[in-house]
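So the structure is just underneath, and the comments pick up after that.
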Amino acid sequence: MITCMNNTQIADVINRVADLLEIKGTNPFRLRAYRNVVRTLRDLPESAEAILADPQRDLTDIKGIGKDLAEKIATIAATGTLPLLEELLQEIPESVLSILRIPGLGPKKAAVLYNDLKITTLDQLQAACEAHQVAELKGFGEKTEQTILAGIPLAARAEQRIYWAKADEIAQVLLEHLRNCKSLQQIEVAGSYRRGRETIGDLDLLVVSDDHDEVMDRLADFDAVEQTIGRGDTKMSIRLAGGLQVDLRVVPAESFGAALQYFTGSKDHNVILRGMAKSRGLKINEWGVFRVAEGKDGANGGDNEYIAGRTEEEVYAAIDLPYFPPEIREARQEFEWAELGMLPELIELGDIRGDLHMHTTASDGRASTLEMIAAARQRGLTYIAITDHSKRVSMANGLDGERLLEQWAEIDEINAGLKNFTVLKGVEVDILEKGGLDIADDVLARADWIVASVHYGQRQSSEQITGRIVEAIRNPHVSAIAHPTGRIINRRERYEVDLEAVMRAAVEHGKLLELNANPARLDLDDVHCAAAKRHAIPVVINTDAHSIAGLDVMRHGIQQARRAGLTKADVANTRSWKQMRKLIGR
DNA sequence: GCCGTTTTCGGCCCGACTGTTTTCAGTCG
């Protein structure tokens with residue numbers, strides 16, 4: 001039997017196995033090996049199936065994949081499942097996993113609930129708590145029962161991750177609120193927010209202050225606080241009205257860098273870092289880097305000698321490492337890069353010179369061409385492409401050939417009056433359901449820049465949609481493929497594409513791939529960026545702006561590109577339009 | 001279950017906070 005399992009699907013099977021093993025109480029290191037391989041597969045910029053199919057290559061060459069897990073991956077790729085998973089499901093019903101989503105309830109307690117009370121669902125758990133059966137269990141009590149009851153509605157909600165942009169809004173208001181503290185010396189938001197992940201699970205605030213109570217009281221005073229989850233000497237956790245958790249840590253100035261490093265993560269990056277420190281007789285924790293005293297295990301740093309911690313640079317330097325930008329601290333390749341002295345100089349927002357995907361009032365945008373030009377110049381760009389929808393996208397008032405030619409004539413006039421700025425005649429041409437484009441080639445030939453994208457027929461098979469996109473790539477007038485991954489976060493619509501086939505075609509025909517920075521549709525994420533880099537395909541980072549403010553999302557795209565390790569050279573629109581034109585052969 | 005310039009065994013990051021304990025396990029990040 002031949003099934004078609006992508007990396008994410010294979011990873012999901014292994015992750016389910018890990019979840020069930022965790023409740024069973026397996027060796028925690030075995031569990032970590034499973035979790036690591038889940039992450040490795042999700043981050044892998046090429047398909048595991050392709051590696052399996054290649055007799056020259058072996059999955060065990062990938063760090064974290066040994067003989068056993070390589071076999072398991074091969075089994076999942078071939079059959080879609082794993083005998084081990086089926087066995088585990090005989091023992092433990094999968095619904096038990098829903099219990100793990102309750103804050104403060106982990107695998108050990110879930111196992112007790114299942115073994116002693118046969119609880120497998122949130123409803124059964126609620127009934128057991130209300131009947132006070134849970135408080136009677138060993139290791140549980142009144143307080144735990146109440147915590148569980150309060151946590152059941154939270155678990156019932158879907159996983160709470162919010163867009164980075166939304167987290168940013170909340171973070172800015174929170175920072176403003178806390179800056180009023182007299183004792184506040186430094187404040188920073190760490191965690192996945194600082195690493196620039198697309199979505200954020202919680203906010204980690206880090207503060208230097210000599211009056212812990214003032215800062216914690218101030219946080220408790222924040223308008224949107226719904227619940228204080230915990231509060232100790234140095235650490236406090238709250239939940240905001242929308243469900244977002246905020247963790248606050250107060251540290252002394254000499255520990256700020258160590259704490260910032262520590263709470264920025266990622267967890268896996270820190271595991272490697274600490275292991276490296278340990279092998280050098282050092283110890284890193286959130287308080288600093290310490291030389292471990294002779295004959296001591298130094299559990300609380302008692303006699304250990306503090307050697308660094310005021311800044312992150314200091315922490316990394318203490319173990320002979322360069323400073324890692326937060327976006328690449330994901331335990332992917334950053335430590336290998338550092339060892340080889342090949343840490344990439346990541347692209348920055350200021351490197352972007354043009355934005356090649358935006359809409360105006362001619363189709364579904366909210367600003368005119370002139371307004372978009374003014375806004376783009378204000379943001380330091382030297383060229384933009386106007387890429388309104390084409391006629392097939394009638395809902396967006398898409399333009400037919402005639403209206404396009406009129407728009408382009410206007411653009412010619414505008415350009416004649418512009419200095420040091422170029423407006424490109426473009427279109428976001430629709431890739432039709434039956435293949436082909438909805439604007440005639442003789443019209444397309446008169447454009448400067450054409451992005452092609454799929455809007456309709458998204459329910460077709462992956463083969464069909466891939467075929468349509470590859471055909472568009474072969475059209476000599478098309479410059480780039482927009483939305484190449486069919487990826488839309490948090491929405492039901494998305495189309496499946498064989499991205500490897502798309503990339504091979506892009507390489508063959510010298511076409512570019514677009515990364516759309518719009519946070520609702522970051523459709524070429526860091527993993528896909530890394531794949532594009534592996535194929536040496538230039539990425540174009542655009543905003544797909546429908547308004548002036550829409551241009552500001554560019555930095556989201558930059559964050560994703562940075563997370564993939566892209567440099568200025570990997571991104572096409574860091575070039576001038578003149579250089580770009582050479583790249584796309586116009 | 002993975003890994004190795006301490007390589008086929010014996011390690012595997014580290015601390016804060018909570019609740020149930022009578023010295024610590026569980027959970028979280």
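Below, chains carry the letters A, B, ... as their sequence lines are ordered, and counting in each starts from 1.
- Between the side chain of Asn36(A) and the base of dG1(B), no donor-acceptor pair of N or O atoms lies under 3.5 Å.
- The side chain of Lys109(A) has dT27(B) as its nearest neighbour among dG29(B), dG1(B), dT27(B).
- Below the 3.5 angstrom threshold, one finds no donor paired with an acceptor across the side chain of Tyr262(A) and the base of dG15(B).
- Residue whose closest nucleotide on DNA chain B sits further toward the 5' end, between Gly64(A) and Thr147(A): Gly64(A).
- For Lys118(A) and Tyr114(A), the positive end sits near the middle of the six-membered ring, less than 6.0 Å away and at most 45° from its axis.
- Inter-residue side-chain proximity for Asp247(A) and Leu205(A) is flagged as unmet; no heavy-atom pair is nearer than 4.5 Å.
- Counting any heavy atom pair closer than 4.0 Å across all strands shown, Pro28(A) reaches no nucleic acid atom.
- Considering only side-chain N and O atoms, Lys283(A) lies under 4.0 angstrom from the phosphate OP1 or OP2 of dG15(B).
- In this structure, dG1(B) forms a base pair with dC12(B), meeting either the Watson-Crick or the G-U wobble geometry with both donor-acceptor distances under 3.5 Å.
- Between His556(A) and Tyr163(A), the distance separating the two ring centers is not shorter than 6.0 angstrom.
- Each of dC3(B), dG1(B), dA16(B) was ranked by its minimum atom distance to the side chain of Lys63(A); first place goes to dC3(B).
- When the nucleotides dA16(B), dG19(B), dC2(B) are ranked by their closest atom to the side chain of Asp68(A), dC2(B) comes out on top.
- Residue Lys278(A) places at least one side-chain N or O closer than 4.0 Å to OP1 or OP2 of dC14(B).
- Set against dG19(B), dC12(B), dT27(B), the side chain of Lys143(A) has dG19(B) as its closest nucleotide.
- Here the side chain of Lys267(A) is nearest to one of dC3(B), dC13(B), dG26(B), namely dC13(B).
- Considering only side-chain atoms of Asn285(A), the nucleotide from dT27(B), dC14(B), dC12(B) that sits closest is dC14(B).
- Aromatic ring pairs are classed by plane angle as parallel below 30°, tilted from 30° to 60° and perpendicular above 60°; the pair Tyr323(A) and Tyr316(A) is perpendicular.
- Spacing of C1' atoms, dC17(B) relative to dC12(B), comes out at 25 Å, to the nearest Å.
- At the phosphate of dC17(B), OP1 or OP2 sits under 4.0 Å from a side-chain N or O atom of Thr234(A).
- Heavy atoms of other residues, nucleotides or ligands lying less than 6.0 angstrom from CD of Gln185(A) number more than 12.
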